[in-house]
Amino acid sequence: MKQMNDHDEFLSQFRKAPRREFAEGLYSELAEQRKQPMFAKLNPFVRRIAPALAALVLVFVATVALSPAARARALEWWERTIGGVTIIEVPADQQTPPVSEDEVTIVPSESVTLEEARQILPFKQPTWLPEGFTAYDGRYDAAINLTRWPLDNGGTMTMIDLRWESFNNGYPTIIMLRVDDYPAGGQIVGDNSGAREVTFNGLTGAIFKGAWNADTGRFEGSDLSLMWIDGDLKYLLMGNRGAGVSEQDLINIAASME
Amino acid sequence: MNEQLRGWRALGRRSEQADAAESDGLPVADWRSVYDADLPRVYNFFRYRVGDGPLAEDLTAATFERAWRGRHRYRHDLAAFSTWLFGIARRVAAEHFRRTKREVSLEQIGEIADTFSTEAAVQQRRDFEALTTLLMQLPDRDRELIALKYGAGLTNRAIANVTGLTESNVGTILHRVVRHLRTEWEDEADE
């Protein structure tokens with residue numbers, strides 16, 4: 001029969017240790033996850049195109065930042081200027097995309113050479129990169145992308161993406177540079193981005209972390225971004241902290257731009 | 001600072017740097033101690049929420065997997081590690097109840113209980129089934145507080161941090177609920 005007492009032991013007496021098999025199995029599972037490289041969970045084909053997938057994330061984030069509907073909704077969000085660029089903070093845990101898919105304009109991009117790109121937008125290029133990084137050779141998709149986005153005012157925003165990659169860790173790590181001629185355009189980030197101002201070479205910019213993850217419905221991840229305006233152009237550098245690219249790396253790259 | 005928290009933080013930082021690298025040298029022992037200390041607490045939290053059996057294990061695993069994936073978001077300056085972890089456990093429980101639309105029915109309690117072989121264990125199992133039946137009849141908030149206090153073994157202050165209630169409020173509610181449960185428990189024992 002149940003044992004009685006004057007206090008509350010009758011409630012805590014039923015605690016018990018988890019089964020050993022369960023405890024050890026779960027621990028092993030977590031330990032295994034820790035060992036897996038970022039792209040190891042992907043199938044071989046997807047792993048090969050992972051750099052391109054990362055680029056798509058960037059495209060999406062830029063797209064929502066430009067959508068008129070997104071801009072309208074942004075009035076309800078926290079918009080502020082950090083380091084001279086417009087940062088729009090939204091709840092990181094909102095579970096739904098910052099804007100719905102029907103509010104997103106899909107714009108095709110085209111492949112251009114570096115010379116062509118610099119004729120279209122006279123942007124600066126980094127003279128320093130972390131050790132092991134070389135220009136992406138375009139073996140899976142365009143090495144340098146040119147995209148023209150329609151603007152609300154009838155004009156066009158021209159945007160150019162360049163990438164560098166490293167295989168230091170046995171898998172592709174990328175650093176991306178995005179340049180556009182629409183400095184007024186903002187950037188949507190999660191409210192967990194830790195956006196803050198940084199200074200380099202007499203310029204100011206905003207550094208922030210994370211990106212929208214449609215699978216989890218969150219702004220998350222260890223992507224790092226540095227955005228700044230230089231002249232008539234807006235620059236965005238992006239790398240992955242989990243893959244070894246640090247904030248200081250991004251700042252050093254930005255400071256080396258000529 | 002708690003050594004376990006330091007270990008978790010160190011692990012998180014190191015892993016951020018090596019998320020994609022198969023590097024060695026992680027403070028595995030620290031992660032192990034964090035895991036060993038908190039696994040039984042989370043597991044028992046769920047046992048007191050959903051009863052004994054595989055479901056409690058599944059929800060425990062979901063909590064640790066989510067905590068592991070989100071370890072970069074743990075802010076030691078905002079909350080103790082256990083507060084953060086039990087915040088995740090509460091969300092996992094809430095999502096489970098939303099998904100199933102109902103909690104485990106009273107009839108199912110026996111079905112999901114573990115199988116024990118010895119006579120004493122069988123009695124223990126019956127007693128826990130009886131307690132679970134009583135817990136299932138409590139309002140959700142009260143049942144959660146009981147699970148945090150007597151399943152996970154958290155202090156009233158820790159429960160206050162996890163739930164957002166004041167410490168005195170936690171104490172008052174628990175005092176009332178425990179008194180009610182003790183009466184019910186004694187009535188059942190007398191039958």
Side-chain angles (χ1 to χ4, degrees), chain A residues 1-19 21-41 50 92-93 168-173 190 192 194 209-210 213 216 218-224 240-246, chain B residues 11 14-24 26 28 31-32 35-36 39-44 47-48 52 54 56-57 60-61 64-65 67-70 72-73 75 114 123-128 130-132 135 146 149-153 174-175 177-179 181-182 185-186 188-190:
Chain A
M1 201 55 213
K2 291 187 281 286
Q3 294 300 306
M4 304 303 304
N5 57 66
D6 295 332
H7 303 289
D8 55 5
E9 285 81 4
F10 74 101
L11 285 168
S12 55
Q13 64 178 317
F14 298 109
R15 285 182 205 152
K16 68 176 186 181
R19 291 182 304 112
E21 301 79 21
F22 165 66
E24 291 301 326
L26 177 58
Y27 183 82
S28 300
E29 205 171 293
L30 294 174
E32 190 60 32
Q33 286 182 21
R34 190 182 63 227
K35 290 177 185 172
Q36 289 188 344
M38 181 170 58
F39 296 135
K41 296 171 187 169
D93 271 319
N168 288 348
N169 299 314
Y171 53 87
T173 301
N192 57 354
K209 64 183 178 184
N213 183 337
T216 61
R218 286 183 51 88
F219 278 90
E220 62 183 12
S222 55
D223 289 324
L224 284 173
N240 191 285
R241 184 173 47 180
V245 180
S246 68
Chain B
L11 183 60
R14 183 65 184 85
S15 183
E16 283 176 9
Q17 295 163 4
D19 222 353
E22 294 198 30
S23 60
D24 205 348
L26 299 180
V28 175
W31 161 239
R32 181 84 222 194
Y35 179 83
D36 287 345
L39 180 71
R41 289 145 59 96
V42 172
Y43 173 63
N44 280 292
R47 285 182 65 239
Y48 277 61
D52 234 332
E57 291 185 353
T60 301
F64 273 88
E65 286 165 358
W68 174 251
R69 284 200 306 270
H72 306 124
R73 291 194 294 277
R75 294 275 305 277
D114 276 348
Q123 183 60 50
Q124 177 86 351
R125 172 193 169 185
R126 285 178 182 159
D127 286 351
F128 187 60
L131 177 64
T132 305
L135 296 179
I146 291 291
K149 176 77 175 181
Y150 298 101
L174 280 173
H175 178 74
V177 176
V178 169
R179 193 173 54 188
L181 285 173
R182 188 188 302 129
W185 184 260
E186 289 173 355
E188 201 166 314
D190 291 338

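In what follows, every heavy atom counts, from backbone to side chain, and hydrogens, waters and symmetry copies are set aside. Letters A, B, ... mirror the listed sequences (proteins, then strands); counts begin at 1. Computed from a predicted model, the values in this text were never measured in an experiment.
- Both the backbone and the side chain of Ala23(A) have a heavy atom closer than 4.5 Å to some heavy atom of chain B.
- Annotation: side chain of Thr132(B) is not in contact with side chain of Phe14(A) (no heavy-atom distance under 4.5 Å).
- For the residue pair Arg15(A) and Lys149(B), the shortest heavy atom distance occurs at NH2-O, 3.4 Å.
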* Can you list the steps and then say if Leu26(A) with Glu65(B) is a side-chain contact (heavy atoms from CB on, under 4.5 Å)? -> CA-CA 9 Å; Leu26(A) 177 58; Glu65(B) 286 165 358; 4.0 Å; yes
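- How far CG of Asp8(A) is from CD1 of Ile146(B): 8.5 Å, rounded to the nearest 0.5 Å.
- A salt bridge links Asp52(B) with Lys16(A); the closest basic N to acidic carboxylate O contact falls under 4.0 Å.
- No side-chain heavy atom of Tyr27(A) sits less than 4.5 Å from a side-chain heavy atom of Leu39(B).
- In terms of non-hydrogen atom pairs under 4.5 Å with chain A, the most contact-rich of Asn44(B), Leu131(B), Thr60(B), Leu174(B) is Asn44(B).
- Taken from OH in Tyr150(B) to CD in Gln13(A), the straight-line distance is 12.5 Å, to the nearest 0.5 Å.
- Considering all non-hydrogen atoms of both residues, Phe10(A) and Val178(B) come closest at CZ-O, 4.1 Å.
- Residue contact with chain A, scored on non-hydrogen atoms closer than 4.5 Å, involves the backbone and the side chain of Leu181(B) alike.
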